[in-house]
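Computed from heavy atoms alone, side chains included, the values below leave out hydrogens, waters and symmetry copies. We count ligands from 1, going down the list as the structure has it; atoms in each ligand are counted the same way.
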Amino acid sequence: MEKLEQLYEGKAKKVFKTTEPEKFWIKYKDDATAFNGEKKGQIAGKGTLNNEISAIFLCLLKEKGVDNHFIKKISSTEQIVQQVEIIPIEVVVRNIAAGSLAKRLGWEEGKELPGTIVEFYYKNDELGDPLINNDHIAILGLALDSELVELRKQALKINEILKEYLFNKDIILVDFKLEFGKTPAGTIILADEISPDTCRFWDAHTKEKLDKDRFRRDLGNVEEAYQEILRRIGGSINV
Ligand code: TMP
C-alpha cells in the first residue's frame, strides 16, 4: 500500500488517501494546541506516544466488541485506518467533574459524579466547538435522533471498558472525548484517537494529572506523563 495525497491536516494528525480503497493513512504529529488553537506548542515524542497509546486502546475496544476504524500500526507515528466520514459531533463522557464542566457549573474539580454525563459538542473550530443538545443537532442536520442514541450507547460502553481497564492500571478515567464516523456502507463506528490528548487520566493514588492538562495548564513534565500512561498500559516502544 502506498500513501497518496493529503486529505486533511488537523491540529494533531494528518490524514492521507492510500492506493487501497476505503483505507486512510494517519500520521500523528508532535504539535499540541489548547483553547481552540490559541495556545500552540510541541510535545517531544507525542506523535510516537499517541500513535502507540491510541493503537492499544482501539485494539482493546475491538477485542471487547466495539468496532472502530483502527486497522494496523505501520510505523512509530503512522497507522492505517478504515475510511470514514467524521460526524462533526465531539462526544464527551465524564465520570468526575473537571475542565469545562467544573467551570460551567461551579463544581470543584475532582467531584465524583453520581452518574455518567454524556455531552455533545459541535466540531467546528471557527465557533470554538460549542456545547449543543439534541435539538441543536437536529436543526443543524448533524445526525438523526436514532444516530444520537447509537452514539450515546457506544460512548457509554466504551466508558465502561476503558474505566475498568484503566482502574486495574491505577489510572482514573476522569473524562474523554470521542469522534465517530460513517463507513462508506453507512455504519457508525468509533474513529479518531484515544490518547492523553483526548482523555483526562489521573493517578489513582496521588491524583496526579497524566494527560494534556499538563500542557494546557503549564504543569511541566508533559512528555513524561504521556510516557507513564504508555508504560502502565504495557506499550512496547521505548521513547
Ligand atoms: P473539557 O472539560 O475541556 O470540555 O474537556 C473534556 C474532555 O474532552 C477532556 O478529556 C479533554 C477532551 N477534549 C478534547 O479531546 N478536545 C478538545 O478540543 C477539548 C476542548 C477537550
Colleague: Within the structure provided, determine whether Phe57 and Glu193 are in side-chain contact (heavy-atom separation under 4.5 Å).
Modeller: no
Colleague: Is the shortest side-chain heavy-atom distance between Asp211 and Cys199 below 4.5 Å?
Modeller: no
Colleague: Would you say atom 11 (C) of ligand 1 touches the protein, meaning some protein heavy atom is under 4.0 Å from it?
Modeller: yes
Colleague: Could you list the atoms of ligand 1 found under 4.0 angstrom from a heavy atom of Cys199?
Modeller: 10 (O)
Colleague: State whether the shortest distance between N or O atoms of Arg216 and N or O atoms of ligand 1 falls below 3.5 angstrom.
Modeller: no
Colleague: Please could you name the atoms of ligand 1 that Phe176 approaches to less than 4.0 Å, counting only its heavy atoms?
Modeller: 10 (O)
Colleague: Would you mind reporting whether His205 and Asp170 have side-chain heavy atoms less than 4.5 Å apart?
Modeller: yes
Colleague: Nearest to atom 7 (C) of ligand 1 by heavy atom, Leu101, Asp175, Asn36: which?
Modeller: Asp175
Colleague: Might you work through the side-chain hydrogen bond (donor to acceptor under 3.5 Å, both in side chains) test for Thr33 and Arg216, ending with a clear yes or no?
Modeller: CA-CA 8 Å; Thr33 64; Arg216 295 187 188 99; over 6 Å; no
Colleague: Could you list which atoms of ligand 1 come closer than 4.0 Å to a heavy atom of Asp197?
Modeller: 15 (O)
Colleague: Between Lys17, Lys14, Glu78, which is the residue that forms a side chain to side chain contact (heavy atoms under 4.5 Å, CB included) with Lys3?
Modeller: Glu78
Colleague: Report, in ascending order of atom number, the atoms of ligand 1 lying under 4.0 Å from any heavy atom of Gly99.
Modeller: 2 (O)
Colleague: Contact between Leu173 and Val93 at the side-chain level, heavy atoms closer than 4.5 Å - yes or no?
Modeller: no
Colleague: Of all the non-hydrogen atoms in the protein, which one sits nearest to atom 4 (O) of ligand 1, and at what distance?
Modeller: Ser100 OG, 2.6 Å
Colleague: One residue to check: Lys212. Relative to ligand 1, which of side chain, backbone, both or neither has a non-hydrogen atom less than 4.0 Å away?
Modeller: neither
Colleague: Out of Thr33, Asp129, Asp192, who gets a non-hydrogen atom closest to atom 18 (O) of ligand 1?
Modeller: Asp129
Colleague: To the nearest 0.1 Å, how far is atom 17 (C) of ligand 1 from its closest protein heavy atom, and which atom is that?
Modeller: Glu90 OE1, 4.2 Å
Colleague: Could you work out, for atom 6 (C) of ligand 1, the closest of Lys177, Arg200, Glu119 by heavy-atom distance?
Modeller: Arg200
Colleague: Glu208 and Trp202: side-chain donor and acceptor closer than 3.5 Å?
Modeller: no
Colleague: Report yes if the side chains of Glu109 and Lys111 come closer than 4.5 Å at any heavy-atom pair, otherwise no.
Modeller: no
